[in-house]
Amino acid sequence: MSTVRTRFAPSPTGYMHIGGMRTALFNWLYAKRHGGQFILRIDDTDQERNQETALGPILRAFRWLGLLWDEGPEVGGSHKPYFQSQRSHLYRAAAEKLEQSGHAYRDFSTKEENDADRKLADKEKRPYINIRRSLELSDAKKRELETAGHPWVLRLLVPRESKIVLDDLIRERVEWDTSLLPDPVIMRANGSALYNFATVVDDAELEISHVIRAEEHLPNTPIQILLHEALGNTLPRFAHIPYVCAPGTKEKLSKRKVEQYRKNPAFKRLFERGDEVFPQLGLSAAVALDPVMVEYYERIGYLPAGVLNALARIGWSLDDRTEILSLQTLVENFSLERVVKAPAGFDPDKLFSFQGHWMKELPLDEKVDGCVPYLVDAKLISEPVSAETREFVKSIVVALGDRLKLFADILDARPFFTDDITFDEKNFDKRVRKDGVPAHLAAFRNRLETLEPFTVPAMEAALQAYCEETGEQTGTLVHALRLSTTGQAVGPGVYDCLALLGKEKSLARIDAALKR
RNA sequence: GGCCCCAUCGUCUAACCAGGUUAGGACACAGGGUUUUCAUCCCUGCAAUGCGGGUUCAAAUCCCGCUGGGGUCACCA
């Protein structure tokens with residue numbers, strides 16, 4: 001039994017696509033499930049980009065989610081280098097082999113000629129395939145053209161009138177008629193390889209056993225199969241998984257459409273939360289995060305476990321009931337047989353629900369660790385963070401309880417860090433500026449002043465007593481106290497809020513609220 | 001338009017391959033309970049096999065057609 005080797009081959013675009021991350025996850029899981037290797041290869045054949053800015057976010061996303069690669073950038077491996085831009089000698093050698101064996105030919109036709117051919121075929125409503133004029137050229141003529149510096153490209157000579165059969169691990173049998181396949185360019189005039197060619201050469205050389213990729217690559221497959229066969233390679237197994245759709249649609253989730261996603265009801269909440277949070281973190285314009293990027297989820301405080309769980313459930317299920325899946329469980333159970341064939345929408349609501357589950361599971365100290373950087377970035381606390389400050393943050397996290405869904409939610413605790421609070425005016429009018437309320441608030445404020453100790457149970461008892469004596473509903477004071485001390489209508493238990501603020505600050509804020 | 005893929009609640013899916021279930025679960029939504037608000041938690045409800053033919057005692061499940069949706073058609077990856 002040979003080793004399972006899977007790969008994910010991103011091109012350095014400067015961000016990691018959430019849908020691409022799902023494909024990468026399936027590759028990673030399949031490799032790990034079978035004790036194999038997961039390889040990261042960088043498809044940078046035609047781009048001259050800054051490694052740091054273009055590749056950085058991609059590696060960052062993998063590391064954040066804990067999907068470490070066995071071979072690839074920064075970790076190396078026995079088949080290095082893992083950048084296609086550094087592997088051109090392999091493509092050139094393979095090209096030469098194909099030319100020698102007659103599987104590829106030099107095409108001297110111009111772009112204009114090809115375009116015209118294509119147009120004509122279109123007009124006559126017949127499928128376009130190459131006319132292969134260069135094949136008619138005599139050797140002498142070819143030499144002449146070359147000496148004259150006439151540019152040419154190398155094309156694969158597609159065998160006409162034959163059938164390509166793919167036994168895909170997910171789609172089962174898919175067939176193509178080669179008579180309908182134009183001869184693909186595999187090398188440019190300057191000797192650089194094209195995607196389909198470089199991919200085939202690398203997949204073979206890296207000994208990739210399973211090519212797991214999104215179904216939009218299905219049309220590339222017959223060409224790649226032909227190339228593998230012409231090169232005499234052992235064919236990898238192919239598994240075309242469904243692509244990820246934009247929420248509520250059947251269209252492929254695309255980075256180019258982010259602006260229109262802003263209006264998508266399912267995506268709206270994500271955008272809005274980002275608009276609230278990122279400026280506070282000083283991440284506004286320059287970073288330009290959006291929910292198509294993995295980094296968005298990291299920066300807004302999602303947990304890897306939440307994102308991973310959601311990604312795994314797009315197009316895959318363990319059984320008829322299990323929804324909560326840890327990476328560990330996934331590694332133990334992942335199988336391509338249970339990948340569905342239909343494209344699946346990315347559901348932000350479901351992600352949020354998984355996130356809620358995993359955040360609840362997170363040990364308190366890790367929650368605090370996750371929150372602290374947000375408070376630092378928002379300049380609500382400063383570095384180095386003292387033990388005392390950390391304890392204070394911890395007590396807030398405890399008070400927040402399950403209300404803390406994302407780490408960025410800790411920013412809602414702003415009133416505990418600064419006196420510069422924003423009042424929810426509508427609720428302030430309703431709960432504080434209301435007949436009889438200020439009088440009760442003032443009266444109870446005086447009781448708080450002498451209350452010792454200033455603790456949750458003591459406050460609760462005091463409020464109960466006050467309400468029994470006056471016949472006032474506890475809700476009246478509870479709401480009035482929260483609004484006047486935090487400005488917010490929702491949040492931790494009101495006694496927790498007061499305890500967190502301390503007696504002095506609580507009294508001062510009540511006084512200030514009574515004067516508003 | 002050519003080629004290719006796909007089709008179960010609003011969404012993600014189970015049951016399909018080896019035909020027989022009141023078509024199950026989760027999210028969302030609605031209602032109720034717990035709670036000082038919110039969140040959590042618990043209960044209840046809503047809600048699907050695209051259409052038409054076959055095959056069969058029996059079809060979500062097997063076959064064909066239709067319709068619909070989508071992907072892809074570069075000297076991009």
Side-chain angles (χ1 to χ4, degrees), chain A residues 9-13 43-47 84 107 110-111 114-115 118 121-122 125-128 151-155 166 168 170-172 174-177 180-182 184-190 192 194-196 198-199 214-222 240 242-243 245 247-252 265-266 310 313-324 337-338 340-354 356 360 400-405 409 412 427 431 460 463-464 467 473-479 481-483 488-497:
Chain A
S11 60
T13 50
D43 278 18
D44 57 350
T45 47
D46 83 330
Q47 279 128 326
Q84 290 194 325
D107 182 8
T110 63
K111 184 114 172 72
N114 291 325
D115 286 349
R118 202 181 295 271
D122 217 45
K125 294 190 194 301
R126 60 179 162 79
Y128 165 79
W152 50 272
V153 294
L154 197 64
R155 282 187 193 271
L166 165 70
D168 191 273
I170 290 161
R171 305 226 161 231
E172 300 180 316
V174 185
E175 298 183 349
W176 291 270
D177 182 349
L180 267 14
L181 251 42
V185 173
I186 58 178
M187 280 252 172
R188 295 190 186 84
N190 66 6
S192 61
L194 271 94
Y195 170 74
N196 272 324
T199 296
E215 69 170 296
E216 66 237 38
H217 284 283
L218 211 39
N220 285 324
T221 311
H240 287 92
Y243 55 86
C245 315
T249 75
K250 285 293 171 210
E251 287 173 16
K252 200 171 74 166
R313 286 291 289 105
I314 301 177
W316 184 83
S317 63
L318 172 59
D319 54 30
D320 62 343
R321 60 193 68 252
T322 313
E323 295 285 340
I324 298 301
E337 291 82 64
R338 291 194 66 85
V340 300
K341 293 177 176 179
F346 169 67
D347 184 353
D349 282 335
K350 196 127 186 178
L351 164 65
F352 193 71
S353 151
F354 285 128
K360 216 178 326 187
L400 242 22
D402 295 334
R403 294 172 191 84
L404 186 91
K405 305 283 192 194
D409 290 341
D412 293 340
N427 276 299
R431 304 294 195 182
E460 186 164 11
L463 191 123
Q464 290 295 347
C467 288
Q473 299 255 322
T474 53
T476 305
L477 278 165
V478 162
H479 289 117
L481 285 166
R482 180 182 293 103
L483 258 309
Q488 299 170 349
V490 298
V494 71
Y495 311 120
D496 285 317
C497 291

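Just so it is clear, the structure is predicted and the values come from calculations on it, not from any experiment. Naming: A, B, ... by sequence-line order, numbering from 1 per chain.
- Judged by distance alone, with hydrogens and angles left aside, the side-chain atoms of A:Asp319 form a donor-acceptor pair with the main-chain N or O of A:Thr322 at under 3.5 Å.
- Listed nucleotides: B:C3, B:G25, B:A77. Nearest to the side chain of A:Arg313: B:G25.
- Of the nucleotides present, B:C64 is the one that pairs with B:G52 by Watson-Crick or G-U wobble criteria, both distances under 3.5 Å.
- When Watson-Crick and G-U wobble pairs are counted only if both distances are under 3.5 Å, B:G1 pairs with B:C73.
- By the neighbour-count criterion of 12 heavy atoms within 6.0 Å, atom CD of A:Gln473 is sparsely surrounded, having that number or fewer from other residues, nucleotides or ligands.
- Look at A:Thr45 and you'll find a side-chain N or O under 4.0 angstrom from OP1 or OP2 of B:A77.
- Between the OH atom of A:Tyr495 and the C1' atom of B:U35 there is a distance of 12 Å, rounded to whole Å.
- When heavy atoms are screened at a 4.0 angstrom cut-off, A:Ser317 is found touching the sugar-phosphate backbone but no base atom.
- Here the side chains of A:Asp43 and A:Thr199 are in contact, with some heavy-atom distance below 4.5 Å.
- Residue A:Arg118 places at least one side-chain N or O under 4.0 Å from the OP1 or OP2 atom of B:A74.
- Counting only heavy atoms from C-beta outward, the side chains of A:His240 and A:Thr221 approach each other to under 4.5 Å.
- Across all strands shown, A:Glu175 has heavy atoms under 4.0 Å from sugar-phosphate atoms exclusively, and none from any base.
- The A:Ala342 side chain lies nearest to B:C6 when the options are B:A28, B:C6, B:U72.
- Taking atom C1' in both B:C51 and B:C12, one finds a spacing of 25 Å when rounded to whole Å.
- When Watson-Crick and G-U wobble pairs are counted only if both distances are under 3.5 Å, B:C46 pairs with no nucleotide at all.
- Using a 4.0 Å heavy-atom criterion, one finds that A:Arg482 contacts the bases of the nucleic acid, with or without backbone contacts as well.
- Residue-level contact check: A:Gly356 touches neither bases nor backbone, having no heavy atom under 4.0 Å from any strand.
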**Message:** Return a single string for nucleotides 63-69 of chain B, one symbol per nucleotide in 5' to 3' order, where B is base contact, S is sugar-phosphate-only contact and - is none, cutoff 4.0 angstrom on heavy atoms.
**Reply:** ------S
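- Both A:Glu323 and A:Glu216 lie close to RNA chain B; mapped to their nearest nucleotides by heavy-atom distance, the more 5′-ward contact belongs to A:Glu323.
- For B:A26, its base sits under 3.5 Å from the side chain of A:Lys350 at one donor and acceptor pair at least.
- By the 4.5 Å heavy-atom criterion applied to side chains, A:Asp412 and A:Leu400 are not counted as neighbours.
- Across all strands shown, nothing is found opposite B:A59 as a Watson-Crick or G-U wobble partner with both distances under 3.5 Å.
- A:Asn220 comes within 4.0 angstrom of a nucleotide base, judged by non-hydrogen atoms across all strands.
- With a 3.5 Å ceiling on both atom-pair distances, B:U37 lacks any Watson-Crick or G-U wobble partner.
- Using a 4.5 Å cut-off on side-chain heavy atoms (C-beta onward), A:Lys341 and A:Glu172 make contact.
- Using a 4.0 Å heavy-atom distance criterion, A:His240 is classed as making no nucleic acid contact.
- Within the nucleic acid shown, A:Ile314 comes within 4.0 Å of sugar-phosphate atoms alone, with no base atom in reach, counting heavy atoms only.
- Counting atom types as modelled, A:Asp320 pairs no side-chain N or O with a base atom of B:A23 as donor and acceptor under 3.5 Å.
- Taking every side-chain heavy atom of A:Leu194 into account, B:C75 is the closest of B:C75, B:C27, B:C4.
- A donor-acceptor contact under 3.5 Å is not formed by the side chain of A:Glu215 with the base of B:G71.
- With A:Ser192 contributing its side chain and A:Arg188 its backbone, the two residues share no donor-acceptor pair below 3.5 Å.
- Nearest to the side chain of A:Val185, among B:C75, B:C6, B:U36, sits B:C75.
- Residue order along RNA chain B, read from the 5' end via each residue's closest nucleotide, puts A:Pro127 first among A:Gly475 and A:Pro127.
- Looking at A:Lys252 and A:Glu215, no side-chain N of the basic residue comes within less than 4.0 Å of a carboxylate O on the acidic one, giving no salt bridge.
- Of the candidates B:U13, B:U36, B:U72, B:U72 carries the atom nearest the A:Pro219 side chain, counting heavy atoms from C-beta on.
- For B:U21, there is no paired nucleotide, since no Watson-Crick or G-U wobble pair has both relevant distances below 3.5 Å.
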Atom pairs under 3.5 Å: protein N/O with N/O of nucleotides 38-43 of chain B:
residue	atom	partner	partner atom	Å
B:C38	O2	A:Arg403	NE	2.3
B:C38	N3	A:Arg403	NE	2.9
B:C38	N3	A:Arg403	NH2	2.5
B:C38	N4	A:Arg403	NH2	3.1
B:A39	O2'	A:Asp402	O	3.1
B:A39	O2'	A:Lys405	NZ	3.3
B:U40	O3'	A:Lys360	NZ	2.7
B:U40	O2'	A:Asp402	OD2	2.8
B:C41	OP1	A:Lys360	NZ	2.7

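- Partner assigned to B:U11 is B:A26, using Watson-Crick or G-U wobble distances below 3.5 angstrom.
- Residue A:Arg338 has a polar side-chain atom (N or O) positioned under 4.0 Å from OP1 or OP2 of B:A15.
- The nearest whole Å value for the distance from the CG atom in A:Leu166 to the C1' atom in B:C3 is 15 Å.
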